[in-house]
Amino acid sequence: MLSRSSLLWSGALLLGLWAQQAWAADDFQHHGYEEMVRALFSVQSQCPYITRIYSIGRSVEGRHLYVLEFSDNPGIHEALEPEFKYVGNMHGNEVLGRELLIYLCKFLCEEYIAGNQRITSLIHNTRIHILPSMNPDGYEVAARQGPEFNGYLVGRGNSRDVDLNRNFPDLNGLMYYYEKNNGKNHHLPLPDKWELQVEPETLAVIKWMQNYNFVLSANLHGGAVVANYPFDKSREARIRGKPTYSATPDDKIFKKLAKVYSFAHSWMHKGWNCGDYFEEGITNGANWYSLSKGMQDFNYLYTNCFEITLELSCDKFPPASALAREWLANREALVSYLEQVHHGIKGMVYDENNNPVSNAEISVAGVSHDITTGADGDYFRLLLPGTYTVTASAPGYQPSTSTVTVGPAEAIQLHFYLKPAPKVSNLNVRGHQGKKNLTAKVPPANLGPR
């Protein structure tokens with residue numbers, strides 16, 4: 001029988017991910033907060049020119065929420081280079097994602113040093129952000145129980161016992177109202193005083209989203225084995241006791257993203273896992289069960305980012321002896337999913353003087369979900385292969401429309417040059433004086449089922 005280290009080396013060769021050296025069994029251990037921090041700083045020390053560690057905030061108990069960034073220019077957004085993020089351990093007792101992301105950090109560094117062209121290309125052309133633990137306080141509670149005695153809910157929430165995946169502002173109800181009333185279909189407004197309604201960990205992640213123009217993301221969980229895609233919250237109540245499918249305008253893309261992970265995973269795509277069956281190892285969140293105030297839907301409705309939720313293990317807190325096998329099962333999937341950030345179209349939006357235009361809207365005919373340009377005027381729009389009519393628009397400019405054909409490989413570059421809109425004549429202003437200022441209807445509150 002092959003030893004565990006031999007199995008790791010064989011798996012590396014089969015996958016074409018050439019490791020510089022095999023990892024020993026001792027490398028696969030659970031990491032408490034201090035051990036996790038040391039592991040991240042160790043990677044940064046080993047690969048100082050392609051990594052950066054930063055904190056997006058602190059937990060309730062004051063632990064840093066550390067992110068390890070990989071890039072050929074750490075700390076800098078390069079125009080036309082997409083931003084990607086992985087988030088783990090949102091539920092403190094779902095620990096496999098935390099460990100996998102620590103291993104992924106080590107793996108990316110070692111493969112880059114070894115000259116792996118696939119990994120080198122990813123790091124040179126992508127800005128990768130990895131947050132191994134969004135809920136370090138909850139993890140410590142779960143870890144005190146240990147793998148053998150951990151309950152299904154012990155350590156799930158933060159130190160105030162708040163479920164962080166039910167703690168984001170609920171934008172779904174507003175979106176579903178706007179769908180019926182031709183309202184805004186992206187970057188929905190946050191409610192008043194929202195900062196006072198969320199936990200410190202949630203606040204830190206939302207601020208993080210505001211500071212980086214993320215394109216693609218995945219949120220790693222445990223308790224099942226399936227790739228879950230939005231929407232998580234149902235548009236309507238259960239029908240005859242059954243949940244209902246709640247599709248986004250980008251449903252086909254989300255299904256494809258989920259399948260990329262599922263089929264690259266060793267057994268997720270087989271469907272039968274943990275006593276459940278999910279065809280092809282994927283599911284629409286609401287069609288599984290409806291969930292309000294989740295991070296996945298919030299990403300899509302508030303930012304440019306497309307996020308799916310990855311349920312990676314039947315056991316929420318697997319023993320250390322299972323970690324090597326889980327790493328092998330997920331390694332190729334983690335890399336393959338990350339590569340999806342480079343599909344679709346991307347480009348710059350300029351004004352007549354070749355100055356970049358930030359916050360311009362990019363709309364695709366037939367898809368009622370727009371995205372916007374970042375601070376540097378660049379945009380990234382995930383699309384499946386096909387021919388699309390794309391329009392760029394911004395206040396004070398005439399819209400510009402182009403047709404583009406997207407292939408299955410790298411993103412197609414499509415740039416826009418906006419001309420100033422004609423100045424409006426003041427001749428008819430007097431005729432409008434005295435009219436009432438009509439305002440849009442305000443959607444009713446509490447639209448959701450909960």
Side-chain angles (χ1 to χ4, degrees), residues 52 54 56 69-85 121 123-129 183-190 206-217 250 299-306 341-383 387-407 409-426 429:
R52 175 177 72 109
Y54 65 97
I56 61 172
E69 172 192 337
F70 284 85
S71 170
D72 57 346
N73 286 290
I76 300 172
H77 173 75
E78 299 176 74
L80 298 178
E81 185 170 287
E83 309 261 355
F84 177 96
K85 63 181 166 72
S121 178
I123 292 174
H124 284 183
N125 296 290
T126 324
R127 196 176 179 198
I128 305 164
H129 305 257
K184 194 174 184 180
N185 66 20
H186 66 101
H187 291 81
L188 302 188
L190 297 178
I206 293 176
K207 295 290 186 182
W208 188 35
M209 295 178 189
Q210 292 173 338
N211 291 330
Y212 295 85
N213 186 20
F214 292 116
V215 178
L216 183 62
S217 173
D250 287 292
N299 269 271
Y300 185 70
L301 296 176
Y302 182 63
T303 76
N304 289 323
C305 189
F306 287 33
V341 77
H342 291 287
H343 292 279
I345 60 174
K346 65 180 181 180
M348 300 291 300
V349 177
Y350 297 105
D351 65 13
E352 73 281 9
N353 296 315
N354 287 328
N355 297 313
V357 179
S358 62
N359 208 36
E361 293 186 359
I362 306 298
S363 60
V364 178
V367 183
S368 57
H369 181 79
D370 303 339
I371 55 102
T372 59
T373 56
D376 295 328
D378 54 349
Y379 75 90
F380 308 84
R381 199 1 168 144
L382 299 177
L383 292 169
T387 300
Y388 300 90
T389 300
V390 185
T391 300
S393 60
Y397 297 92
Q398 299 181 54
S400 176
T401 300
S402 295
T403 299
V404 62
T405 297
V406 176
E410 292 286 306
I412 301 297
Q413 290 197 24
L414 177 64
H415 305 303
F416 292 93
Y417 297 84
L418 302 184
K419 298 179 180 180
K423 293 183 179 180
V424 179
S425 171
N426 293 324
V429 171

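Heads up: numbering here begins at 1 and tracks the sequence.
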* Proximity of F416 and Y350 rings by center, below 6.0 Å -> no

* Non-hydrogen atoms of P356 and G377 that approach each other most closely -> CB-CA, 3.9 Å

* Would you please name every residue forming a side chain to side chain contact (heavy atoms under 4.5 Å, CB included) with I56, sequence neighbours left out? => Y54, L65, V67, L131, A204, V205, W208

* Identify the two heavy atoms, one from Y379 and one from T373, that lie closest to each other, and give their separation to 0.1 Å. => CB-CG2, 3.9 Å

* Asked: Can you tell if the side chain of H415 reaches within under 4.5 Å of the side chain of S402, non-hydrogen atoms only?
  -> no

* Counting only heavy atoms not in K184, do more than 12 fall under 6.0 Å of its NZ? -> yes

* To do: Using the side-chain hydrogen bond (donor to acceptor under 3.5 Å, both in side chains) rule, collect all pairs that involve residues 354-366, keeping only residues at least two apart or in two chains.
  => H186-E361, D351-N355

* **Derivation of the side-chain contact (heavy atoms from CB on, under 4.5 Å) call for I412 and T405** => CA-CA 8 Å; I412 301 297; T405 297; over 6 Å; no

* Kindly indicate whether the side chain of D250, heavy atoms from C-beta on, has any atom under 4.5 Å from the side chain of Y300. => yes

* **Test side-chain contact (heavy atoms from CB on, under 4.5 Å) applied to L80 and M348, step by step** => CA-CA 8 Å; L80 298 178; M348 300 291 300; 4.1 Å; yes

* Run the side-chain contact (heavy atoms from CB on, under 4.5 Å) check on F214 and F84 step by step: do they pass? -> CA-CA 6 Å; F214 292 116; F84 177 96; 5.9 Å; no

* Structure fact -> In short, I371 meets F380 closest at the heavy-atom pair CD1-O, 3.7 Å

* Asked: Could you give the distance from CD1 (I206) to CG (N211), rounded to the nearest 0.5 Å?
  -> 12.0 Å

* Quick one: pull up OG1 in T387 and CG in L383 and give me the separation to the nearest 0.5 Å. => 11.0 Å

* What heavy-atom pair brings R52 and P74 nearest, and what distance separates the two atoms? -> CB-CB, 3.8 Å

* Do any N or O atoms from the side chain of N299 and from the backbone of C305 form a donor-acceptor pair under 3.5 angstrom? -> no

* **Straight-line distance of N213 CG to N304 CG, nearest 0.5 Å** => 5.0 Å

* Would you say H77 and D378 make side-chain contact, with heavy atoms under 4.5 Å? -> yes

* To do: For the pair K85 (side chain) and H129 (backbone), establish whether a donor and an acceptor sit closer than 3.5 Å, ignoring hydrogens and angles.
  => no

* **Between Y397 and E352, a side-chain donor and acceptor under 3.5 Å** => no

* Asked: Who pairs with S400 by side chain to side chain donor-acceptor pair (under 3.5 Å), at least two apart in sequence or on another chain?
  -> none

* Asked: Rounded to the nearest 0.5 Å, what separation is found between the CZ atom of R127 and the CD atom of E83?
  -> 4.5 Å

* Asked: For the side chain of E69 and the backbone of I128, is there at least one donor-acceptor N/O pair under 3.5 Å apart?
  -> no

* **Closest non-hydrogen atom pair between V341 and P82, with its separation** => CG2-CB, 3.6 Å

* Supply the atom-to-atom distance E78 CD to T126 OG1, rounded to the nearest 0.5 angstrom. => 10.5 Å

* Identify the residue among V349, T391, L414, D370 that makes a side chain to side chain contact (heavy atoms under 4.5 Å, CB included) with I362. => V349

* Structure fact -> In short, S71 meets E81 closest at the heavy-atom pair OG-OE2, 3.7 Å

* Show your working on side-chain contact (heavy atoms from CB on, under 4.5 Å) between R381 and V390 and close with a plain yes or no. => CA-CA 10 Å; R381 199 1 168 144; V390 185; over 6 Å; no

